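In this chain, residues are counted from 1 in sequence order. Source: prediction; values computed, not measured.
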Amino acid sequence: LDRERCRYTTQQLMDALHQGFDRKLIIALADGRSFEFSTREGDNDLGVVIFEDVTQRVRAAQRISTMARFDSLTELPNRGYFHELLVERLAGGNRDRNCALAILDLDDFKALNDSLGHPAGDQLIRAVGQRLSPFASDDVVVGRLGGDEFVVFCDNVEDRDALGRFINAL
């Protein structure tokens, strides 16, 4: 824990004790562990500070958040998280800019799944995800809508020719 974070944590805990209210702080250490510090007002100007190793709880919450936001096969943003990212991007920036949305659907994917089985279909979905992932950037959001559908949002598109070159590169 660096000195500045240590000072900040100490100050927050001391303020909570002096002001007579309960406070909880979770501090992440450089080694990956997380601790929760809790303050409780005591009697006769005394207070209690309790700390607990909450590393497993924090990691579980992070896993749940990842599972809720990213597709398990491709590790791309899923439909819901893609929508959040899209709303975020559209709300910011120049209102007069050009944007584009491309939806990619794999032809005859059902036939592949039916003839070669779901493991082969999953392998194809992973391969498409690996192909599209490198295109993600500050101005490009790539996601998986589900099934055999992928989506690419391009923000700040220069012109139609640049967009055409980008789509062809996908």
Could you check whether any side-chain heavy atom of [X] comes within less than 4.5 Å of a side-chain heavy atom of [Y], counting everything from C-beta outward?
{"X": "Thr74", "Y": "Ile125", "result": "yes"}
{"X": "Ile27", "Y": "Phe37", "result": "yes"}
{"X": "Ser133", "Y": "Leu76", "result": "yes"}

Please set out all donor-acceptor pairs under 3.5 angstrom arising from side-chain atoms of residues 81-89, sequence neighbours excluded.
unit_1: Arg89; atom_1: NE; unit_2: Asp138; atom_2: O; d: 3.4

Practice task
Flag the pair Arg97 and Asp155 as a salt bridge only when some basic side-chain nitrogen lies within less than 4.0 angstrom of an acidic carboxylate oxygen.
Solution key: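 A salt bridge links Arg97 with Asp155.
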Problem - Nearest heavy atoms of Glu75 and Phe70, plus distance in Å - result: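 Nearest heavy atoms, Glu75 then Phe70: O-CD2, 3.4 Å.
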Handout entry: Minimal non-hydrogen separation, Cys154 against Leu163, with atom names
Key =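 Where Cys154 meets Leu163 most closely, the heavy atoms are SG-CD1, 4.2 Å.
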All side chain to side chain contact (heavy atoms under 4.5 Å, CB included) counterparts of [X], not counting sequence neighbours:
{"X": "Glu4", "result": "Asp2, Arg7"}
{"X": "Asn168", "result": "none"}
{"X": "Asp159", "result": "Asp161, Ala162"}

Problem - Under the ring-ring contact (aromatic ring centres under 6.0 Å, His included) test, residues paired with Phe109 that sit two or more places apart - result: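 Applying ring-ring contact (aromatic ring centres under 6.0 Å, His included) to Phe109 gives none.
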Handout entry: Residues forming a ring-ring contact (aromatic ring centres under 6.0 Å, His included) with Phe153, sequence neighbours excluded
Key =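 Applying ring-ring contact (aromatic ring centres under 6.0 Å, His included) to Phe153 gives none.
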Practice task
Give a yes or no on whether the backbone of Pro134 and the side-chain of Arg131 come within a donor-acceptor separation of less than 3.5 Å.
Solution key: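 Between the backbone of Pro134 and the side chain of Arg131 there is no qualifying donor-acceptor contact (under 3.5 Å).
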Exercise for the section: Measure from the side-chain N and O atoms of Thr66 to the backbone N and O of Gln62, and report whether any donor-acceptor pair falls under 3.5 Å. Expected result: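 Checked: pair present.
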Handout entry: Atom pair CZ/OG of Arg59 and Ser34 - distance to nearest 0.5 Å
Key =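 It comes to 7.5 Å.
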